[in-house]
Amino acid sequence: MDNFNAGPSILPPAVLEQAAAAIRDFQGTGLSILEIGHRTALFQPVMEEARQLVRDLMQLHPDQEVLFLHGGASTQFMQVPMNLLPSNKKAAYTDTGIWSAKAIKEANLYGTVEIAGSSKEGGYRAIPRTLEIDPEAQYLHLTTNETVHGVQWQQIPMELDLPLVADMSSDILSRSLPFDRFGLIYAGAQKNMGPAGVNLVIVNKNLLGKADRRIPTMMDYREHIREESMLNTPPVFAVYVVLLTLRWVKEQGGIIEMEKRSIEKAKLFYDTLDALPMFNGPVATADRSHMNAVFTMNDPTLESAFLKACEAAGMIGIKGHRSVGGFRVSMYNALPLESVKALTSLMTDFAQQNG
Ligand SMILES: *Cc1c(COP(=O)(O)O)cnc(C)c1O
């Protein structure tokens, strides 16, 4: 089986095996990971190691705090402005796809959103080439990879003099960036880092405490920092599977190695796509996502036959998002190059047989 699901998505087989074993017997205790307290000497090291591994793999700055929170990345759409955007101030957002549009909608509830750059008019097929940032903006928000539209910021504007806030849900741990220079990074785990149910938040603590509103305890990053990401019961099993995935990334060679593999997989896929006139990639070449490749077929009547051929060959998760149609191939860290090879040869064969 080749698993191209967009999210929740493929995890390394070794991670799944260890996770399954921990459900039956966690570290030889005779207890399941599901039935131990989160403040016990058994679970606390899990949380500590997971937070530390994020620090190490991403080479964070000491002022950056690592949290594992509930509510998915969608909760961060509101939690970010609630904590960082005073009600009489502005925030700059880029509008590059479905996910950034959702973030913008929530930020509008807390302050004024200025759109610094948008590709909405062209149907979200590119990353804006230039940005116009309001000098009063408190931060700039980017969605580094648009999971549905298949566009990715290949060059992140790091030289700006305002804090950068990034939704990295679908390209976290797949590319090396100067993570220590971001104001805030968030990512739902279920694309590239673990199972659904937990959210990674990295926040520079110097940005906190400036909002002029009362923040509910569960929404206040400072409360979570104070309690070392154990303000209430964390999603213990999800955090454990994230820890196993982080260990796997480290063993494989860290983010540098993930990036190398991801470039190789994406190159193979897009080279094949470009060589076959039957298929069509709508995204501007320079902005194509290394994680989620979207494509259509010039003859839409062939689409269902192609999908059937993929399914018959054991390839799953290829159908495009319901909002954009066509096809989408997700090539997250755990997807082996062999899966991309199998798919690209199927595409080549299909084009020969139906061309
Ligand atoms: C999936 C996704 C989200 C939403 O994540 P949830 O955990 O479902 O809330 C947000 N942003 C991006 C870029 C995503 O890919």
Side-chain angles (χ1 to χ4, degrees), residues 3-11 67-82 93-109 113 117-120 124-128 139-154 156 164-175 177 179 182 184-203 218-219 234-235 237-239 241-242 245 262 266 283 287-294 317 319-324 328-335:
N3 181 353
F4 297 97
N5 277 329
S9 33
I10 187 167
L11 287 168
L67 301 171
F68 287 105
L69 306 180
H70 301 250
S74 302
T75 300
Q76 295 308 308
F77 296 160
M78 71 166 156
Q79 197 165 356
V80 164
M82 202 186 282
Y93 275 68
T94 52
D95 186 8
T96 50
I98 275 187
W99 292 113
S100 48
K102 288 183 195 251
I104 291 165
K105 176 169 178 260
E106 300 304 297
N108 264 313
L109 300 172
V113 173
S118 173
S119 54
K120 188 176 180 178
Y124 294 131
R125 289 166 176 213
I127 291 296
Y139 60 85
L140 172 69
H141 181 280
L142 303 178
T143 307
T144 51
N145 183 65
E146 288 282 0
T147 324
V148 170
H149 285 91
V151 290
Q152 185 174 32
W153 288 82
Q154 300 300 345
I156 310 263
L164 258 190
V165 173
D167 177 356
M168 296 193 186
S169 292
S170 50
D171 63 357
I172 190 95
L173 304 176
S174 74
R175 59 193 296 202
L177 290 169
F179 299 108
F182 284 76
L184 194 148
I185 294 167
Y186 62 93
Q190 72 273 22
K191 311 279 164 54
N192 213 10
M193 199 173 40
V198 69
N199 211 7
L200 169 67
V201 175
I202 297 165
V203 58
M218 275 299 287
M219 287 290 114
F237 186 61
V239 171
V241 182
V242 167
T245 310
S262 147
V283 174
D287 305 321
R288 286 170 161 178
S289 168
H290 291 175
M291 294 280 103
N292 314 98
V294 297
K319 203 167 170 17
H321 189 267
R322 58 196 145 83
S323 64
V324 295
R328 170 173 53 174
V329 171
S330 296
M331 299 176 280
Y332 296 122
N333 284 346
L335 185 85

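Keep in mind that the numbers below use all heavy atoms, side chains included, and drop hydrogens, waters and symmetry copies. FYI, the numbering just counts along the sequence from 1. Both counts, for ligands and for their atoms, begin at 1 and track the order of listing.
- Note that the CD1 atom of I98 and the NZ atom of K120 stand 11.0 Å from one another [nearest 0.5 Å].
- Of all non-hydrogen atoms in S323 and V148, the two that sit nearest each other are OG-CG1, 3.7 Å.
- Under the 30°/60° scheme for interplanar angles, the aromatic rings of W99 and F77 are found to be tilted.
- In this structure, N192 has no side chain to side chain donor-acceptor pair (under 3.5 Å) partners at least two apart in sequence or on a different chain.
- A distance of 10.0 Å separates OG in S169 from CD in E146, rounded to the nearest 0.5 Å.
- Q154 places a side-chain N or O within 3.5 Å of a backbone atom of R288 that can act as its donor or acceptor partner.
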Could you check ligand 1 for N or O atoms lying under 3.5 Å from protein N or O atoms and list the pairs with distances?
residue  : atom   : partner : partner atom : Å
ligand 1 : 7 (O)  : A73     : N            : 3.1
ligand 1 : 7 (O)  : Q190    : NE2          : 2.9
ligand 1 : 8 (O)  : Q190    : NE2          : 3.4
ligand 1 : 9 (O)  : A73     : N            : 3.2
ligand 1 : 9 (O)  : S74     : N            : 2.8
ligand 1 : 9 (O)  : S74     : OG           : 2.6
ligand 1 : 11 (N) : D167    : OD2          : 2.6
ligand 1 : 15 (O) : T147    : OG1          : 2.4
ligand 1 : 15 (O) : K191    : NZ           : 2.6

